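Atoms considered below: every heavy atom in the structure, side chains included; atoms not considered: hydrogens, waters and symmetry mates. Just so you know, these numbers come straight off a predicted model, no measurement behind them.
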Amino acid sequence: MTKLSEQELVRRENLEKIKELGINPFPADLYEVNSNATEIKSKFEEGSEDFKDVSIAGRLMMKRIMGKASFAELQDSTGKIQLYINRDEICPGENKDMYNKVFKKLLDIGDFIGVRGYVFKTKTGETSIHVSELKLLSKSLKPLPVVKVDAEGNVHDAFTDPELRYRQRYVDLVVNPHVREIFVKRAKLFQAMREFFNNAGYLEVETPVLQPIPGGAAAKPFVTHHNTLDIPMYLRIANELYLKRLIVGGYDGVYEFSRNFRNEGMDRTHNPEFTAMEIYVAYKDYNWMMEFTEKLLEHCAIAVNGTTEATFGEHKIDFKAPYKRVTMRQAILDHTGFDIKGKTEGELYEAAKNMGIEVDDSMGKGKLIDEIFGEKCESSYIQPTFIIDYPKEMSPLCKMHREDSELTERFELMVCGKEVANAYSELNDPIDQKERFEEQLKLSERGDEEAAQFIDFDFLRALEYGMPPTSGMGIGMDRLAMFLTNNESIQEVLFFPQMKPEK
RNA sequence: GACUCGGUAGCUCAGCCGGUAGAGCAACGGCCUUUUAAGCCGUGGGUCCUGGGUUCAAAUCCCAGCCGGGUCACCA
C-alpha cells in the first residue's frame, strides 16, 4: 500500500467527520432525478413555469465559496450546470452545519451529490439551479485533476498524459468531455450499422471466439488450452469461415461484430484485440457489395456526425456515395508506369526491386504486387476509393475473376491511404478452395509468415454440401471509428487499450 | 524489435551550463450573499521513475533498467 498523499488524508478525515455528523457518505437508497444538466440549460427560459422543481445528481466539480452563499458546478452524464447555494435556504433552521460544515468544508471535488431546487438565470446570464436541498450520494477519496475552461473556451491544465489517461480511463472520462463524446459516437456507429443491416433483412449472429483452428485470416493467434478436452484452443483472428458455414446453412444474410485477437505488434493503428464487422449475403457479388458498402458508410457517417463529411488530421473526407473504383493494375500503372498484367514472378521481382522495394525469395507473385501497391500507391487514396481485382495468390478465400483467371473478385476500400473494408465474391468451389489452402501451406513453409498455416477441413466439408454465390465484406470498426471521430490513434477509440501492467 | 522524445507536488509544467527543489491550479486556515479560469491574505505539501557510476556536491552529467509517446520495421 502506497503512502497516502496530503489530499487523500484530508479526504479521509472529511469522510470521518461526515459520519460523525450522522450522515451516511455512501447511502444505499436511490436518488430520484427528473432532469439533467443539458436539458435544463438548453430548454430553460426565464419567466417560464418549467423547471420550478428540478432534481438532478452528479459529481461536484467546482466550489466558489463567497461567505454565506456559494456557486458550485455539478456534472452529470450530459454535462455541467452551475448551482447557487445559499446558507439560509439549505439550512432554514438554527443548525447551519449542512452549509458551514458539510458543503463548505467536507464536500470535495468529485463527490457525488443530489440537488433539488428551481432553475433561474444569474445576473450574468448563467442558467443555474437555486438549491433548496442538497444530499451527499457518494464520497470521493482521491482528488481528480481540475480542468478549467475560460470564457473563450480555452482549456487550462488539461489532463493530457496519455499513460495516465489510458490506465485510468475513468478519470479521463470524468474530466475530458470530448473523450466521453468519442465513445458516444462509437456507439452511434455500431447502432447505425446494425440498423442498416437489420433493415436490409440480415441476421445478427454469434460465432465461436474460442476456435480449434484459427482461420479466415493469416495472423499469429493467441493460444490457450482447454483442460477437459486437453487440446489447444485459439482466440479467433477472424470469424469469416463460421459466417460462411451459416450461409451454407441457408440464411440469406448474416453479420457479426467480431472481437478478434492477433498476437502481433502494437502501434497507433493496432491493438491486440480489435473489432471487425463481417457480413455475408447470398446470391450477391462484389459489385453489389461495393454499392451496398458505400451506401452503408454514407448512412453511418450521417448517423455519427450528421453529415457525410469528416475531418481526419489534415484531410477532409466525404463519405457520400458513390466512391471511385480503381483496379489494382490501373493503380500501379498510374503511380509507377509499370503494367503488372501478364508479368511472370521474375519480372515482378525485378520491377519491385528497381522501385526500391525490399524483396526476398519468399515472395510470390501476389505478395510482390501487394508490396508494390502498398509502397507506391496506397497512401495516395485519400477520399474513399475502392481498389478492385486483386491478384489471386494473395486472396485464398476469394472467387476467381469472371474475366481474368490471374485475378480475384475482391475490393478493398481505402480512406486516407488506409484499408477500411475488404470484400470478395466469395470462393464457393470446394475443390478450388482446397487447392488454395494447400498453396497457402506451401507459401507458409517457404517462409511467408502471412500465409495461413492451417487447413480447416470442416469448412471444406461445408462447401462440399454447397454454398450459394455469396459476397462478403469486412470492416475494421476501430479504424472506421477513428475516421469518424478524427482520432489518429486506435487507443483513443478503445476504452481500455492494451498496456503493459503497472510495476 | 530499432531509433527518438519524455517521466519533478493530486494535475499541467519550469528548473537540466552540477551548489538548500519552483510556479499555476488543487489542498489547508481566514474574509466575502449573484460568482464563473471568482477574488484577497496566509500556510503546508516531493522516493525529482528505479538502480549503479563520476564528483567535495547530482533532479541536472554518464551507464543500465522500467513505463509511456512518436517514427520506422512488422501487420490479409
Take atom [atom1] of [X] and atom [atom2] of [N], then tell me their distance rounded to the nearest Å.
X        : N      : atom1 : atom2 : result
A:Ile65  : B:rG39 : CD1   : C1'   : 13 Å
A:Met62  : B:rC25 : CE    : C1'   : 9 Å
A:Lys63  : B:rC32 : NZ    : P     : 17 Å
A:Lys104 : B:rU35 : NZ    : P     : 18 Å
A:Leu4   : B:rA27 : CG    : P     : 18 Å
A:Ile237 : B:rC74 : CD1   : P     : 19 Å
A:Asn86  : B:rU34 : CG    : P     : 9 Å
A:Tyr166 : B:rG69 : OH    : C1'   : 9 Å

For the backbone of A:Cys398 and the side chain of A:Arg436, can you confirm whether one donor and one acceptor N or O come within less than 3.5 Å of each other?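 The answer is yes, because a donor-acceptor pair under 3.5 Å joins these two groups.
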Is A:Thr408 reaching over with its side chain to a backbone N or O of A:Met400, donor-acceptor style, under 3.5 angstrom?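 Checked: no pair found.
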Under 4.0 angstrom between [X] side-chain N/O and [N] OP1 or OP2:
X        : N      : value
A:Arg64  : B:rA38 : yes
A:Lys148 : B:rU12 : no
A:Arg11  : B:rA27 : no
A:Gln491 : B:rG69 : yes
A:Lys142 : B:rA26 : no
A:Arg268 : B:rU71 : yes

Taking the side chain of [X] as its heavy atoms from C-beta onward, which of [options] lies nearest to it?
X        : options                : answer
A:Lys105 : B:rG29, B:rC67, B:rG10 : B:rG29
A:Pro143 : B:rG10, B:rC32, B:rU12 : B:rG10
A:Asp161 : B:rA76, B:rU12, B:rU34 : B:rU12

So what does [X] touch, heavy atoms closer than 4.0 Å: a base, only the sugar-phosphate, or nothing?
X        : value
A:Leu144 : nothing
A:Thr122 : base
A:Gly216 : base
A:Tyr424 : nothing
A:Tyr84  : base
A:Lys123 : base
A:Asn154 : nothing
A:Ala158 : sugar-phosphate
A:Glu264 : sugar-phosphate

Please check if atom [atom1] in [X] has more than 12 non-hydrogen atoms from other residues, nucleotides or ligands closer than 6.0 Å.
X        : atom1 : result
A:Lys104 : NZ    : yes
A:Arg479 : CZ    : yes
A:Lys434 : NZ    : no

Counting distance alone, no hydrogens or angles: does the base of [N] have a donor or acceptor under 3.5 Å from a partner atom on the side chain of [X]?
X        : N      : answer
A:Thr160 : B:rU12 : no
A:Glu6   : B:rG45 : no
A:Gln82  : B:rU35 : yes

Could you work out, with salt bridge (Lys or Arg N to Asp or Glu O under 4.0 Å) as the rule, every residue matching A:Glu419, not counting sequence neighbours? none
Between [N] and [M], how far is it from one [atom1] atom to the other, in whole Å?
N      : M      : atom1 : answer
B:rA9  : B:rC28 : C1'   : 15 Å
B:rU12 : B:rC56 : C1'   : 37 Å
B:rG10 : B:rA26 : P     : 16 Å
B:rC31 : B:rG46 : C1'   : 31 Å
B:rG29 : B:rG44 : P     : 15 Å
B:rG45 : B:rC63 : P     : 36 Å
B:rG22 : B:rC67 : C1'   : 26 Å

Could you go through A:Arg245 and A:Asp456, starting from their C-alpha distance and side-chain angles, then the distance that decides it, and tell me whether this counts as salt bridge (charged side-chain N to carboxylate O under 4.0 Å, His left out)? CA-CA 12 Å; A:Arg245 285 170 166 96; A:Asp456 186 335; 3.1 Å; yes
Residues within residues 255-263 of chain A bordering RNA chain B, heavy-atom distance below 4.0 Å: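 Per residue number, the list is empty: none.
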Would you mind pulling out the nucleotide paired to [N], Watson-Crick or G-U wobble, both distances under 3.5 Å?
N      : value
B:rU4  : B:rG69
B:rC25 : B:rG10
B:rG46 : none
B:rU20 : none
B:rU60 : none
B:rA37 : none

Salt bridge between A:Arg11 and A:Glu8, side-chain N to carboxylate O under 4.0 Å?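 No salt bridge links A:Arg11 with A:Glu8.
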Give me the one residue out of A:Glu439, A:Glu406, A:Glu371 that meets salt bridge (Lys or Arg N to Asp or Glu O under 4.0 Å) with A:Lys365. A:Glu406
How long is the straight-line distance from CZ of A:Phe386 back to OG1 of A:Thr293, given to the nearest 0.5 Å?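 Those atoms lie 5.0 Å apart.
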Can you list the steps and then say if A:Asn14 with A:Asp108 is a side chain to side chain donor-acceptor pair (under 3.5 Å)? CA-CA 9 Å; A:Asn14 289 347; A:Asp108 294 300; 3.2 Å; yes
